[in-house]
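Comments concern the structure below.
Position 1 is the first residue of the sequence, and the numbers go up from there.
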Amino acid sequence: MLHFPQDPLKFLLLNQASKAMAVTRGLASSPTSFRKRSFLLAFFFLLATTLLIFTFSAFSLHNGSGLSVGSERETLNFTGQRGLVMRRLSALRSDPLKLKVDTLFKQANDQISLVNSYASYARKSKLEMMKEVRLFTEQAQGFMELLNRPQNKALLTATTINVGHLVAFETELKELVKSSKQHMMDAREYFDSQLRVQKLKDTIFSVNDQLTKAKKQGAFSSLIAAKSIPKSLHCLSTRLMEERITNPSKYIDVGDPPPELEDPDLYHYAIFSDNVLAASVVVNSAVANAREPEKHVFHVVTDKMNLWAMRVWFKLRPPNDATHIEVKAVEDYTFLNASYVPVLRQLESANLQRFYFENQMENATKDAPNMKFRNPKYLSMLNHLRFYLAEMYPKLHRILFLDDDVVVQKDLTALWEIDMDGKVNAAVETCFGSFHRYDNYMNFSHPLIKEKFDPKACAWAYGMNLFDLDAWRKEKCTEEYHYWQNNNENRLLWKLGTLPPGLITFYKTTKPMDKSWHVLGLGYNPNISQEKIKSAAVIHYNGNMKPWLDLAMKQYKEYWTKYVDYDMELIQSCNFGH
């Protein structure tokens, strides 16, 4: 089999032959008179070129090594001829316009490949990438349309380059390439993995920062809403005071207090509140579910400002004629003064007042995780009265403490029959897993706390607590509370509130109760099951979403509103909604 080497000279000859054939075909279509003369010239030119090709091929095959070696002269002549051909070929190829055409087409084809690669990647993305797919595809089509225009395609095959067409082609191509590159830069984030990762990280940090700020603002707003007095409640207290002023003779206490208030054989409740409506719901719900209402005694303590409003309410709307209700003010307990009570003494501290009553959000939210403890109610003596029950009711053996944000749903007399096993406090435990343990409430890096308490001890709930007052006095719980409260003046042991000092005061003296006695979370947890609520003896709206506020959770509100006396004229006139 013959082998034709890929030699530039042969390439040139073949090229010349093809040109001759083109000339022949062109002449064949020329006028007759000129056609005959020119046809002969073209024929002989083609014949001569063909002979030259076969001569060169035969010459190249000799000895299987390209050129045969004859005389030195022949070799030199052939070498000179070959060099001449190569120079001509180089000159042909070094045409600057031809090189520019090749470069531009190569640039366009490379850009098409790149654009198509981006388009292929974009097609794999989801809906947000479809716009990129369309734009890249349109760009690729734009390049193809540019290359397929007849005047541009002709630049590849033309023997003479049309400078005007070349300039127009170059200008339009540059504009397309510039537009394509700019769009690729804009869309880089969709295709550059590192850039996408970095942008996602930046987005996450930004969202986390916004979330932190939103949480702080939400906590501050929730705190303001929780500690504010709704207009309807303010209206009710005002109307009750008007009633007291208008009819003073109806509300004058005559004679000594009834003996039932100190009878240890009855069922005694302690309710400390400045909210008339909330206190009435606690009493109404407890009486409504009691089998023997006449054996239940309610000790309601409020502040001096709300004393007469509270008394007028229970005078006008007693839950049951046989039920015994005592309404007193904190100020009536004269032993509760600054020289005896640490909280009242600490209240004089400017630093503590600033901590509780700071109204600028950027300052008040510095301690955002413990924002709930900044509620001024924790500074109220009403909130700390629970540590003085044994002294407030010296003749009683047991008393049930109820927060004013609870609703009683069952008869509670069985509580007074519980065997306390010498414990002071009976309460429902709230720990599960690692949550609501002692280390969640106290600073165990402080040596006083670390040496005394187990960080994994289970916490319990305030809100419904049965206290054995005899055991209280024996264990000197009030003195214990004073010791720890005095040591926490700078808030180094716990972040304020009453639960941490309660956990400390009644450490190892608390008896766990069945959880069905006291279900918590109706003021913050939207996921409590209806079955759990209905089976509970007491439900507790602990949290900021109190049932008397507009921000209360609607799915729980009916359990509270069913004990609101909406038939009362003052309730109606103050626009309390169901």
Quiz prompt | Separation of Leu240 CG from Cys235 SG (nearest 0.5 Å) | solution = 9.0 Å
Quiz item: Taking all atoms of both residues into account, what is the closest heavy-atom pair of Ala461 and Leu520, and its distance?
Solution: CB-CD2, 3.5 Å
Exercise. Find the distance between CG (Leu570) and CG (Leu277) and round it off to the nearest 0.5 Å.
Key: 11.5 Å
Quiz prompt | Heavy-atom closest pair, residues Cys458 and Thr430 | solution = SG-N, 4.4 Å
Quiz item: Is Phe205 atom CZ crowded by more than 12 heavy atoms from other residues, nucleotides or ligands, each under 6.0 Å away?
Solution: no
Self-check item: Enclosure of Lys515 NZ (heavy-atom neighbours >12, cutoff 6.0 Å)
Solution: yes
Quiz item: Below 4.5 Å, heavy atoms only, C-beta onward: do Leu236 and Phe576 meet side chain to side chain?
Solution: yes
Practice problem: Might you work through the salt bridge (charged side-chain N to carboxylate O under 4.0 Å, His left out) test for Lys476 and Glu479, ending with a clear yes or no? | Solution: CA-CA 6 Å; Lys476 298 182 178 180; Glu479 289 84 345; over 6 Å; no
Quiz prompt | Residues Lys304 and Glu331 bridged, charged N to O under 4.0 Å | solution = no
Quiz item: Gln409 and Tyr563: side-chain donor and acceptor closer than 3.5 Å?
Solution: no
Quiz prompt | Polar side-chain atom of Gln346 near backbone of Asn488 as donor-acceptor pair, under 3.5 Å | solution = no
Quiz item: How far apart are the C-alpha atoms of Lys250 and Glu243, what are their side-chain angles, what is the distance that settles it, and do they pass the salt bridge (charged side-chain N to carboxylate O under 4.0 Å, His left out) test?
Solution: CA-CA 10 Å; Lys250 292 173 57 177; Glu243 170 64 20; 3.4 Å; yes
Quiz item: Does a sphere of radius 6.0 Å around CD in Glu569 hold more than 12 heavy atoms from other residues, nucleotides or ligands, not counting ones at 6.0 Å or beyond?
Solution: no
Quiz item: To the nearest 0.5 Å, what is the distance between CG (Asn247) and NZ (Lys315)?
Solution: 12.0 Å
Quiz item: Looking at side-chain heavy atoms only, is the closest gap between His296 and Val287 below 4.5 Å?
Solution: no
Quiz item: Hey, is the main chain of Ile449 close enough, under 3.5 Å, to the side chain of Asn443 for a donor-acceptor pair?
Solution: no
Quiz item: What's the verdict on side chain to side chain contact (heavy atoms under 4.5 Å, CB included) for Asn486 and Arg345, showing C-alpha distance, side-chain angles and the deciding distance?
Solution: CA-CA 10 Å; Asn486 284 324; Arg345 184 173 61 255; 2.5 Å; yes
Quiz prompt | Lys410 atom NZ, neighbour heavy-atom count above 12 within 6.0 Å | solution = yes
Quiz item: Does Tyr388 offer a backbone N or O that forms a donor-acceptor pair with the side chain of Tyr481 under 3.5 Å?
Solution: no
Quiz prompt | Flag side-chain contact, heavy atom, 4.5 Å: Ile399 against Phe401 | solution = no
Quiz prompt | Short N-O contact, Lys474 and Asp470, less than 4.0 angstrom | solution = no
Quiz item: Under 3.5 Å, is there a donor-acceptor pair between the side chain of Asn337 and the main chain of Ser339?
Solution: yes
Exercise. For the pair Asn487 (side chain) and Trp484 (backbone), establish whether a donor and an acceptor sit closer than 3.5 Å, ignoring hydrogens and angles.
Key: no
Quiz item: Can we call the ring centroids of Phe298 and Phe314 under 6.0 Å apart?
Solution: no
Quiz item: Under a 4.5 Å cut-off applied to non-hydrogen side-chain atoms, are His436 and Tyr441 in contact?
Solution: yes
Quiz item: Has the side chain of Asp274 got a donor or acceptor atom that lies under 3.5 Å from a matching backbone atom of Asp303?
Solution: no
Self-check item: Asp411-Thr413 side chain donor-acceptor pair, cut-off 3.5 Å
Solution: yes
Practice problem: Would you name the heavy atoms of Cys574 and Ser232 that are closest together and state the gap between them? | Solution: O-CB, 3.4 Å
Quiz item: Do Ile325 and Trp313 have side chains that get closer than 4.5 Å, going by heavy atoms?
Solution: no
Quiz item: Any chance CG of Asp202 has more than 12 other-residue heavy atoms, nucleotides or ligands included, within less than 6.0 Å?
Solution: yes
Self-check item: Nearest heavy-atom neighbours spanning Ala270 and Leu389
Solution: CB-CD2, 3.9 Å
Exercise. Dump the intermediate steps for side chain to side chain contact (heavy atoms under 4.5 Å, CB included) on Val281 and Val407, then the final yes or no.
Key: CA-CA 7 Å; Val281 168; Val407 173; 4.1 Å; yes
Exercise. Decide yes or no on ring pair (Phe, Tyr, Trp, His ring centres under 6.0 Å) for Tyr340 and His482, but give the supporting numbers first.
Key: CA-CA 9 Å; Tyr340 180 65; His482 283 177; 4.8 Å; yes
Practice problem: Side-chain contact test, heavy atoms from C-beta onward, threshold under 4.5 Å: evaluate it for Leu469 versus His397 and give yes or no. | Solution: no
Exercise. Say whether, by atom type as modelled, one donor and one acceptor occur between the side chain of Arg473 and the main chain of Ala390 under 3.5 angstrom.
Key: yes
Quiz prompt | Side chain to side chain, His299 and Met392, heavy atoms closer than 4.5 Å | solution = no
Quiz item: To the nearest 0.5 Å, how far apart are NZ in Lys557 and NZ in Lys546?
Solution: 14.0 Å
Quiz item: Does atom CG of Asp321 have more than 12 heavy-atom neighbours, drawn from other residues, nucleotides or ligands, at distances under 6.0 Å?
Solution: no
Quiz prompt | Spatial distance of atom CZ (Phe387) from atom OG1 (Thr498) [nearest 0.5 Å] | solution = 6.0 Å
Self-check item: Closest heavy-atom pair and its distance - Val283, Pro319
Solution: CG1-CG, 3.5 Å
Exercise. Would you indicate whether the side-chain heavy atoms of Tyr524 and Asn542 approach each other to under 4.5 Å?
Key: yes
Quiz item: More than 12 heavy atoms of other residues, nucleotides or ligands under 6.0 Å from CG of Asp256: is that the case?
Solution: no
Quiz item: Any Lys/Arg nitrogen of Asp403 or Arg386 sitting under 4.0 Å from an Asp/Glu carboxylate oxygen of the other?
Solution: yes
Quiz item: How far apart are the C-alpha atoms of Phe506 and Trp472, what are their side-chain angles, what is the distance that settles it, and do they pass the ring pair (Phe, Tyr, Trp, His ring centres under 6.0 Å) test?
Solution: CA-CA 9 Å; Phe506 304 111; Trp472 181 310; 5.3 Å; yes
Practice problem: In sequence, state the C-alpha distance, the side-chain angles, and the governing distance for Leu261 and Tyr393, and then conclude on side chain to side chain contact (heavy atoms under 4.5 Å, CB included). | Solution: CA-CA 9 Å; Leu261 298 181; Tyr393 308 105; over 6 Å; no
Practice problem: Using the side chain to side chain contact (heavy atoms under 4.5 Å, CB included) rule, take Lys423 and Thr510 through it: C-alpha gap first, then chi angles, then the decisive distance, then the call. | Solution: CA-CA 6 Å; Lys423 304 292 186 182; Thr510 297; over 6 Å; no
Quiz prompt | Spatial distance of atom CZ (Phe444) from atom CG (Leu493) [nearest 0.5 Å] | solution = 11.0 Å
Quiz item: Would a distance-only check, ignoring hydrogens and angles, find a side-chain to backbone donor-acceptor pair under 3.5 Å from Asn320 to Pro318?
Solution: no
Quiz prompt | Pairing residues for Tyr462 by the ring-ring contact (aromatic ring centres under 6.0 Å, His included) criterion, not counting sequence neighbours | solution = Trp460
Practice problem: Flag yes if more than 12 heavy atoms outside Phe435 fall under 6.0 Å of its CZ atom; otherwise flag no. | Solution: no
Quiz item: Counting N and O atoms only, with roles assigned by atom type, does the side chain of Thr323 sit under 3.5 Å from a partner on the main chain of Glu294, one being a donor and the other an acceptor?
Solution: no
Quiz item: Would you say the side chains of Asn284 and Arg317 form a donor-acceptor pair under 3.5 Å?
Solution: no
Quiz item: What pair of heavy atoms forms the shortest contact from Ile528 to Tyr556, and how long is it?
Solution: N-OH, 3.0 Å
Practice problem: Give a yes or no on whether the backbone of Asp263 and the side-chain of His268 come within a donor-acceptor separation of less than 3.5 Å. | Solution: yes
